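Working notes for the structure below.
Lettering follows sequence order; numbering is per chain, from 1. Remember, it's a predicted structure, so these values are computed and weren't measured experimentally.
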Amino acid sequence: MNLFTLFHSHVLAVIDGLVASGTLPAGLKTAAVTVEPPRDPSHGDISTNAAMVLAKAAGMKPRDLADHIAAGLKAVDGVTAVEIAGPGFINLRVAFGLWADVLRHALRSGTGFGDSDIGQGVKVNVEYVSANPTGPMHVGHARGACVGDALANLLAKAGFDVAKEYYINDAGAQVDVLARALRARYLVACGAITQDEFDRQLAAKEIQYGGEYLVETAEVLKARDGERWVNAPEEEWIPALREFGIAEMMKMIREDLDLLGVRHDVFTSELGMVQSGEVVRAKELLDSKGLLYVGVLEPPKGKTPDDWEPRPQTLFKATDFGDDVDRPLMKSDGSWTYFASDIAYHGDKYRRGFTQMIDVLGADHGGYVKRMQAAVRALSDHQAELDVKLCQLVKLLENGEPVKMSKRAGTFVTLREVVERVGKDVVRFIMLSRKNDMALEFDYAKVTEQSKDNPVFYVQYAYARIQSVKRHFVAAMPGTDLSAAALAGADLSLLADSDEQALVKLIACWPRLVEAAAEVHEPHRIAFALTEVAGAFHALWNKGRENADLRFLIADNPALSLARLALLEGVATVIASGLDVLGVVPVEEM
RNA sequence: GUUCCCGUAGCUCAGCAGGAUAGAGCACCGGAUUCCUAAUCCGGGGGCCGUGGGUUCGAAUCCCGCCGGGAACACCA
């Protein structure tokens with residue numbers, strides 16, 4: 001239930017009526033007509049730009065057209081006043097009862113409040129995390145995980161048919177590197193080489209992924225296979241240890257994601273794409289469209305790599321689809337590039353019925369966006385669209401001081417470490433407390449601080465405070481039915497204070513906000529909105545401190561108390577509904 | 001050199017797919033506190049929205065140029 005959607009249709013109906021009566025010409029384009037809350041509340045409850053947008057096509061002055069539309073809107077049920085302002089805005093005031101209806105609806109809907117059908121069941125694939133299976137996840141991955149998960153939840157709430165997906169990069173050179181690192185740890189575990197020798201190899205960069213996490217993996221391997229890989233030839237242990245290592249790393253990654261409360265619906269293997277022939281199939285598809293050719297790429301301008309040499313390669317005509325240069329599908333040794341298997345993967349998504357795809361990636365993948373979008377357009381004949389959300393880095397701070405991290409030395413801060421220290425709900429909220437393409441500061445001290453400056457606390461505190469009021473109510477007026485259904489039956493017309501009414505209206509804007517956030521793929525808006533709602537609630541609470549008449553519980557006025565409690569329950573409902581999108585659990589008591 | 005992101009109050013950031021006088025928090029200044037949780041509260045000052053053009057009835061928002069900051073730039077993933 002979205003009051004603005006409702007009035008949007010009222011406005012369009014009035015315009016249709018004006019067309020029917022000959023006041024307006026037929027065939028007007030009404031797509032630009034918006035119905036929204038005015039920024040300044042003194043302008044009314046609902047505002048539309050219809051007259052300004054349609055004036056030219058109608059051959060009328062905006063304010064004259066506004067007069068006609070306004071006349072029609074005056075007749076709409078619940079409209080108490082219509083004003084024409086500024087260059088031709090039509091401002092409506094509606095009976096408080098309409099807003100109260102939305103509040104009642106919220107109470108009956110619970111966390112389902114704000115659910116929408118704008119997605120119309122369209123299939124959307126959200127791919128996120130997709131960390132290489134070569135080690136534990138670090139804080140950077142956590143951001144992508146939280147953004148992707150919240151975005152997927154948001155789209156599901158807005159009525160899309162969403163799949164949460166993880167792409168396992170298990171086919172490239174890096175998993176061979178993993179196999180080598182695991183083998184070295186394994187040799188140490190078997191006593192075949194000394195720890196000193198291992199350290200020397202690591203220092204000499206003969207092996208990478210030197211983190212301690214492989215020590216245990218090597219032990220597990222030894223327990224399973226004994227010493228059979230110590231003297232086995234490389235062509236045997238590489239695939240065996242690679243497979244084992246990937247499986248162990250994925251197990252670890254899934255455990256970490258689980259700690260964060262992130263659960264993907266689908267895990268797709270790059271290796272599987274290659275082995276099942278999907279990559280060849282994708283190549284043939286592009287070939288059949290005439291989009292492949294063998295050519296030599298220009299060296300990058302300005303900065304030619306030292307080892308650059310002209311090489312004929314199989315290239316995809318990405319430039320036909322908006323990219324800057326054509327992109328190679330095969331390496332000079334004839335093996336597939338990562339891009340090739342990713343094309344196959346996205347082609348596979350399209351075949352599975354996804355016409356909307358979203359990839360959540362680290363900002364360092366920025367150069368990859370255009371080519372992948374080009375590939376999706378090419379594969380789907382422009383039927384599918386790919387949106388890429390790039391996440392800027394997370395700066396970990398300890399009381400304002402940057403936490404030193406060196407991935408090379410294997411001393412990066414893991415996702416697990418952060419989650420175990422501050423809790424998953426804090427991580428999930430904070431990761432959404434900034435737009436995805438802005439750098440984010442994550443200060444251990446600040447994110448757990450119990451103060452107004454900490455948005456997680458601020459929002460949770462609002463929810464907990466409301467629960468506290470309910471407990472007081474029960475104590476003061478035992479036996480009162482405080483179920484959502486009972487509260488929905490309260491006489492909401494008793495909410496007479498301007499701030500109370502403003503809060504009701506803010507609650508009523510929630511469905512509209514969810515829809516807007518879903519449409520632009522911006523889950524952070526949910527976090528910001530919750531902070532705003534919590535702020536309005538806290539302000540009302542404080543007003544009651546100065547003016548006892550405005551407290552929520554008025555001992556000798558149960559009806560008023562119940563109405564106010566309904567309002568608070570509405571606030572709690574919005575918070576619960578929003579936290580649900582973020583994957584955060586509301587707290588009952590603090 | 002090319003591409004992408006960013007530039008809004010002293011600081012950290014919002015800005016609702018172009019709307020009416022640009023918002024919040026911190027900091028600063030001035031007040032308040034026997035009260036449902038002081039885990040503070042109320043009020044105030046403060047901004048040619050980087051810059052120059054363009055589109056429009058109307059631009060922080062869209063387009064182009066420039067300036068400044070970050071990132072990525074043949075076969076890595």
Under 3.5 Å, is there any donor-acceptor pair linking the side chain of [X] to the base of [N]?
X: A:R512; N: B:C16; value: yes
X: A:R311; N: B:C75; value: yes
X: A:N91; N: B:A20; value: yes

Would you kindly check if the NZ (Lys) or CZ (Arg) of A:R377 is within the cone defined by 45 degrees around the ring axis of A:F321 and under 6.0 Å from the six-membered ring centre? no
Mind calculating the distance between CG (A:N542) and P (B:C41) to the nearest angstrom? 6 Å
Nearest whole Å is fine: how far is B:A71 C1' from A:D437 CG? 12 Å
Can you see if the side chain of A:T337 gets near the phosphate of B:C75 - specifically, an N or O under 4.0 Å from OP1 or OP2? no
Check whether any side-chain N or O of A:R39 sits under 4.0 Å from OP1 or OP2 of B:A20, and answer yes or no. yes
Could you tell me whether a side-chain N or O of A:D437 sits under 3.5 Å from a main-chain N or O of A:L390, the two making a donor and an acceptor? no
Select base, sugar-phosphate, or nothing to describe what A:K435 touches, counting heavy atoms under 4.0 Å on all strands. sugar-phosphate
Check every strand shown and say whether A:V514 touches a base, only sugar-phosphate, or nothing at a heavy-atom separation below 4.0 Å. nothing
Under the criteria of a ring-centre distance below 5.5 Å and an interplanar angle below 30°, is A:H365 stacked with the base of B:A77? yes
Ring-on-base stacking between A:F89 and B:A20, under 5.5 Å between centres and under 30° between planes: is it there? yes
